[in-house]
Protein chains: 2
Amino acid sequence: MTVLQGRLANRDAWSAIGECPIEKTMTVLGTKSAMLIMREAYYGTTRFEDFWRRVGITKAAAAARLSDLVEAGLLERRPYREPGQRSRDEYVLTDAGTEFMPVVWAMFEWGRRHLPNRTPLRLAHRDCGAEATVEVVCADGHRVPPEELAVRLTR
Amino acid sequence: MTVLQGRLANRDAWSAIGECPIEKTMTVLGTKSAMLIMREAYYGTTRFEDFWRRVGITKAAAAARLSDLVEAGLLERRPYREPGQRSRDEYVLTDAGTEFMPVVWAMFEWGRRHLPNRTPLRLAHRDCGAEATVEVVCADGHRVPPEELAVRLTR
DNA sequence: CTGTATCCTAGTTGATACTG
DNA sequence: CAGTATCAACTAGGATACAG
């Protein structure tokens with residue numbers, strides 16, 4: 001078991017230890033519109049028009065990003081029909097999409113704390129009312145501060 | 001106190017409730033190279049050549065992104081001098097940069113689980129050895145699953 | 001309402017060469 | 001080693017018009 005955190009031995013590029021999931025994630029989801037659509041989807045938005053209006057992007061951008069997110073498995077098209085209308089699709093979060101939300105909330109928290117902004121929004125635990133943040137935690141239930149985090153090479 | 005999570009009442013665009021920190025964060029850090037440079041900085045990389053070689057980008061891209069990250073306050077230039085050389089700068093994580101890492105590790109974890117990859121790396125708690133993940137937790141120490149997360153409107 | 005098509009601009013990135 | 005300069009390719013995204 002090798003621990004990478006801290007000063008590195010001799011290692012060149014990520015290629016030496018395999019492809020980097022961070023890079024792959026950014027390739028699939030590394031756009032502002034994708035992040036904001038995920039935020040909206042979590043808020044409960046499902047309809048095309050609501051996405052582009054609430055996110056504040058063009059319909060073209062929304063269509064492109066929604067298709068990307070469906071293809072990547074974060075959103076799912078689900079047909080619905082308003083009375084007297086043709087069948088249309090709405091976009092709902094999948095499990096994979098829900099599991100992506102820590103990325104979004106981590107960005108929310110960092111931006112809220114470190115960038116000039118006056119957002120009145122706060123993350124909170126509905127059940128107990130306390131404010132919430134995004135943190136690294138271990139399987140034993142400890143919070144893992146940056147100095148205690150290890151990136152282990154397995155196998 | 002209003003809770004936004006779940007179906008929304010009548011709300012248009014984020015502008016109605018202030019600027020979105022997620023969007024601002026993406027504006028500053030929404031590039032693949034910035035994320036990967038942050039990863040490298042956390043690993044302990046500090047020198048210009050190590051950044052572009054290990055991240056696998058051009059020197060031009062590395063220079064641009066390193067400057068951005070310094071300006072945004074995530075990295076800090078610190079002068080050093082090798083014997084017989086002129087003074088140069090190395091780039092070290094600031095507190096704001098360290099606090100950004102949950103974003104990076106959340107992406108790592110999501111990509112590792114949901115995208116095809118064979119990375120042998122795992123996050124772990126150095127102190128107890130258990131594997132680690134990125135989660136939403138509240139001030140009372142509870143893990144906050146997606147259904148229990150609220151986004152509250154304060155003031 | 002739910003898109004698609006087109007034009008246009010700005011930013012990211014790679015490749016390559018050059019400087020101190 | 002630590003950059004800067006240039007060029008070209010690609011992508012994101014706004015504006016606008018059009019279609020089912």
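The sequence lines fix the lettering, A, B, ..., with proteins before strands; numbering per chain opens at 1.
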Excluding sequence neighbours, so at least two apart, what forms side chain to side chain contact (heavy atoms under 4.5 Å, CB included) with A/Ala106?
A/Val134, B/Pro102, B/Val103
Any protein N or O atoms within reach of nucleotides 2-7 of chain D? Criterion: under 3.5 Å, listing atom names and distances.
from  : atom 1 : to      : atom 2 : distance (Å)
D/dA2 : OP1    : B/Tyr80 : OH     : 2.2
D/dA2 : OP2    : B/Glu49 : N      : 3.1
D/dA2 : O4'    : B/Arg88 : NH1    : 3.1
D/dG3 : OP2    : B/Tyr91 : OH     : 3.1
D/dG3 : O6     : B/Lys59 : NZ     : 2.6

Sequence-distant partners of B/Glu71, side chain to side chain contact (heavy atoms under 4.5 Å, CB included), two or more places apart:
none
Length of the line joining A/Arg53:CZ and D/dA15:P, which is rounded to integer Å
16 Å
With salt bridge (charged side-chain N to carboxylate O under 4.0 Å, His left out) as the test, pick out the partner of A/Glu90 among A/Arg47, A/Arg78, A/Arg81.
A/Arg47
How would you list, by chain and number, every residue that makes a side chain to side chain contact (heavy atoms under 4.5 Å, CB included) with B/Ala130, sequence neighbours excluded?
A/Cys138, A/Ala139, A/Asp140, B/Cys128
Sequence neighbours excluded and cut-off under 3.5 Å, please list the side-chain donor-acceptor pairs for residues 55-65 of chain A, or say none.
from    : atom 1 : to      : atom 2 : distance (Å)
A/Thr58 : OG1    : A/Ala61 : N      : 3.1
A/Arg65 : NE     : A/Ser33 : OG     : 3.1
A/Arg65 : NH1    : A/Asp68 : OD2    : 2.6

For A/Met26 and D/dT11, give me the distance from atom CE to atom P, rounded to whole Å.
15 Å
Should side-chain heavy atoms under 4.5 Å link Ile, Leu, Val, Met, Phe, Trp and Tyr, which residues sit in the same cluster as A/Val92?
none
I'd like the 5' and 3' limits of the part of DNA chain C contacted by chain B, with heavy-atom contacts below 4.0 Å.
C/dT12 to C/dG20
Go through the structure and list residues passing salt bridge (Lys or Arg N to Asp or Glu O under 4.0 Å) with B/Glu131, not counting sequence neighbours.
none
All salt bridge (Lys or Arg N to Asp or Glu O under 4.0 Å) counterparts of B/Glu148, not counting sequence neighbours
none
Report which part of the nucleic acid B/Thr58 touches: base, sugar-phosphate, or nothing (heavy-atom distance under 4.0 Å, all strands).
base
Share the residues that join A/Val137 in a hydrophobic cluster, the rule being Ile, Leu, Val, Met, Phe, Trp or Tyr side chains under 4.5 Å apart at the heavy-atom level.
B/Val137
Pairing residues for A/Ser67 by the side chain to side chain contact (heavy atoms under 4.5 Å, CB included) criterion, not counting sequence neighbours:
A/Arg77
Under 3.5 Å: donor-acceptor pair, side chain of A/Thr94, backbone of A/Leu74
yes
Grab the CG-P distance between A/Leu36 and D/dG14 for me, whole Å please.
10 Å
Divergence of helical axes at both termini of the helix from C/dC1-D/dG20 to C/dG20-D/dC1 - five pairs an end, 10° steps:
30°
Euclidean distance, atom CD1 of residue A/Ile57 to atom P of D/dT11 [Å, nearest integer]
18 Å
